[in-house]
Amino acid sequence: MAGTTTDLERQLSELLEQERFEPPEEFRANALIKDLSVHEEAAKDPVAWWRRQADALHWFTEPQQTLNDENPPFFKWFEDGTINASYNCLDRHVEAGLGDRVAFHWRGEEGEERDITYAWLLEQTQRAANALKDHGVGTGDVVGIFLPMIPEVVVAMLACARIGAPHNVVFGGFSAESVKERMEFSDAKALITVDGARRKGKVAGVKAAVDAVGMPVQTTFVVRHTGLDDTPMGEGDVWWDEALAAADAECPAEPLPAEHPLYILYSSGSTAKPKGIQHATGGYLTQVAWTHKYVFDLKPESDVYWCSADVGWVTGHSYIVYGPLLNGATSVMYEGAPDYPHKGIWWELCERYGATIFYTAPTAIRACMKWGVEHVEKFDRSKLRLLGTVGEPINPKAWLWYWKVVGGGNCPVVDTWWQTETGAIMITTLPGAQAMKPGKAGTPLPGIDAAVLDEQTGEELPRDTQGLLALRRPWPGMLRTLAGDDDRYVQTYWSKWDERTYLVGDAAKQDEDGYISVIGRVDDVLNVSGHRMSTAEIESAIVSHPKVAEAAVIGAIDEDTGHSVAAFVTLEGSLEGTDDLVLEIREHVAMRIGKLARPKRIIWADDLPKTRSGKIMRRLLKDIAEGRELGDVTTLRDPDVMAQLQGKVKERAEDEA
Ligand code: PRX
């Protein structure tokens with residue numbers, strides 16, 4: 001028990017002085033990895049080391065080759081091996097007699113419970129794979145998935161993997177227009193969606209919304225979830241349950257080349273067009289399986305693992321679906337929001353299912369801190385033995401709160417740094433072998449070469465110096481390209497220094513022990529509540545509103561959400577900015593991208609600060625939005641613009657997300 005709030009405050013401030021936290025003795029004694037010998041072993045020959053880790057998977061044809069780096073930056077891993085993701089996630093466990101093991105304790109928003117076993121997943125996945133084939137989907141065809149957190153989303157992903165149809169999952173919080181765009185960009189053949197989705201007690205029609213914008217696919221499968229009576233079904237629309245019932249129950253997993261694309265996941269970049277990050281199969285599975293097992297110290301026979309992310313993000317792909325299933329884990333999957341039906345629901349479910357490992361985002365931890373310890377302490381979390389975070393830098397205070405309040409000081413906290421592009425965790429601490437330092441993610445994992453480089457020279461910087469984070473050696477889980485755009489892939493990631501050094505896009509520094517603190521993005525990518533968004537994408541959505549002439553979006557530092565979206569907007573002609581127009585523009589952004597991208601603040605501007613060459617000076621806009629003294633304004637075309645803007649800055653409260 002952490003005691004009263006004041007006690008807790010005092011304890012946390014004392015702990016803030018402590019730089020290192022050793023793994024608890026009991027944890028270390030039982031950990032899968034207890035010392036750093038694995039780092040040493042991998043360092044001798046990282047490629048050979050990764051090849052040995054690939055043995056944890058079932059290969060239809062064992063790979064003889066490991067890394068092919070002849071044509072950088074188009075690296076290939078295990079390319080002569082053949083493998084199937086769904087076989088590795090399901091068949092192999094069922095064949096080993098583990099069919100009755102629960103893969104997911106699923107919990108619906110209104111308290112419904114379903115225990116999803118490996119055998120059930122295998123049966124459903126085979127039928128779903130056949131249903132896809134029955135409707136003309138074959139190897140290499142892209143299938144869109146736009147589903148809430150329900151077991152069918154796992155079936156849908158694995159059915160695609162079974163027949164080699166790369167899936168393209170779109171996070172349920174995105175708008176139908178975003179889904180359409182992603183289906184167009186990836187040339188998707190089919191879409192798997194749902195009648196309706198639930199959010200905090202309300203039901204919203206998803207199929208109807210999808211229909212309203214029209215999807216460029218041949219077949220739309222619709223999962224019956226909320227049972228909405230008025231779900232429109234037209235030509236090319238198929239009920240998921242009916243398609244599965246009609247399909248053959250047997251569908252052997254297709255042996256696919258290791259480099260076969262497993263999925264595309266769209267993520268925001270620095271232009272208005274999202275990037276289709278494309279992952280391959282064999283290398284991705286190898287790294288995801290290894291990191292899931294050893295970073296979370298997973299013992300599948302006794303652990304109950306819970307990653308609270310949404311499957312629509314990469315964290316969900318790697319650490320709700322592929323990692324846990326590859327390792328035969330039992331997980332918790334929760335449909336609802338962390339504060340529905342009450343603010344302690346996560347901890348209630350930890351108690352209910354006996355969760356031992358819990359993985360979430362710093363933004364969620366900060367929300368829990370705000371809600372208060374009482375919501376956590378009401379429930380028994382004594383089974384928890386490991387905690388993790390991902391998605392954004394965690395401030396030491398939130399880290400300590402997580403460690404002390406949620407973990408009772410008994411659970412190591414792994415701060416895992418990675419990206420959609422890296423596919424799997426890259427930098428963290430191995431929980432039984434390394435001390436933790438709040439606010440610092442840790443060291444590169446075995447087989448990974450991460451370094452902080454000088455922006456100009458590409459030289460490694462001395463310790464404690466801020467620079468650009470880079471990855472200097474290919475890793476198996478890496479993206480292979482951007483879907484349909486090899487040039488953008490090379491330009492975005494591999495052209496800053498040389499074609500073997502990957503530009504991460506984060507600023508970082510490394511301390512004397514080699515621990516890396518990741519400071520944040522250096523490009524125009526925002527991190528709002530751990531969700532990645534691009535300023536250009538939001539600007540383009542705002543400008544598409546007929547009354548808007550120009551917009552500049554910045555991510556203002558926000559205590560709760562990391563960044564918050566602030567938009568400086570100039571209107572057409574002599575239009576005046578009004579409160580109604582603020583709502584209209586926010587709604588417009590919600591429709592174009594999704595609610596998560598709505599600006600928290602809109603600041604009306606007669607003009608935007610631009611250099612003489614016409615470039616918007618975002619740095620100055622950030623100063624204004626964050627209420628700082630203005631930086632240098634001498635390079636502005638019209639320095640008066642700034643004075644005018646400062647006068648107009650006005651707070652806008654965000655609607656309930
Ligand atoms: O800026 C880093 C931040 O999130 C970015 C990647 O975002 P995304 O592709 O959406 O993937 C998020 C989940 C893997 C990174 O470039 N980031 C992620 N994890 C951390 C982090 N920043 C600091 N510490 C982390 N642990």
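Numbering of ligands and ligand atoms starts at 1, following listing order.
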- Task: Drop me the distance from Q510's CD to I516's CD1, to the nearest 0.5 angstrom.
- Result: 4.5 Å

- Is it true that K273 and E537 make a salt bridge, defined as a side-chain N closer than 4.0 Å to a carboxylate O? no

- With a 4.0 angstrom cut-off on heavy atoms, strictly below it, pick out the residues next to ligand 1 and order them by chain and number. V314, T315, V390, G391, E392, P393, D415, T416, W417, W418, Q419, T420, D506, V518, R521, N527, R532

- Message: Suppose we call two aromatic rings close when their centres sit under 6.0 Å apart. Are W306 and Y359 close by that rule?
- Response: no

- Message: Determine whether the aromatic ring centres of residues H279 and H317 are separated by less than 6.0 angstrom.
- Response: no

- Aromatic ring proximity, centroids under 6.0 angstrom, H292 and Y322: no

- Query: Are the ring centres of W418 and Y319 closer than 6.0 Å?
  - Reply: yes

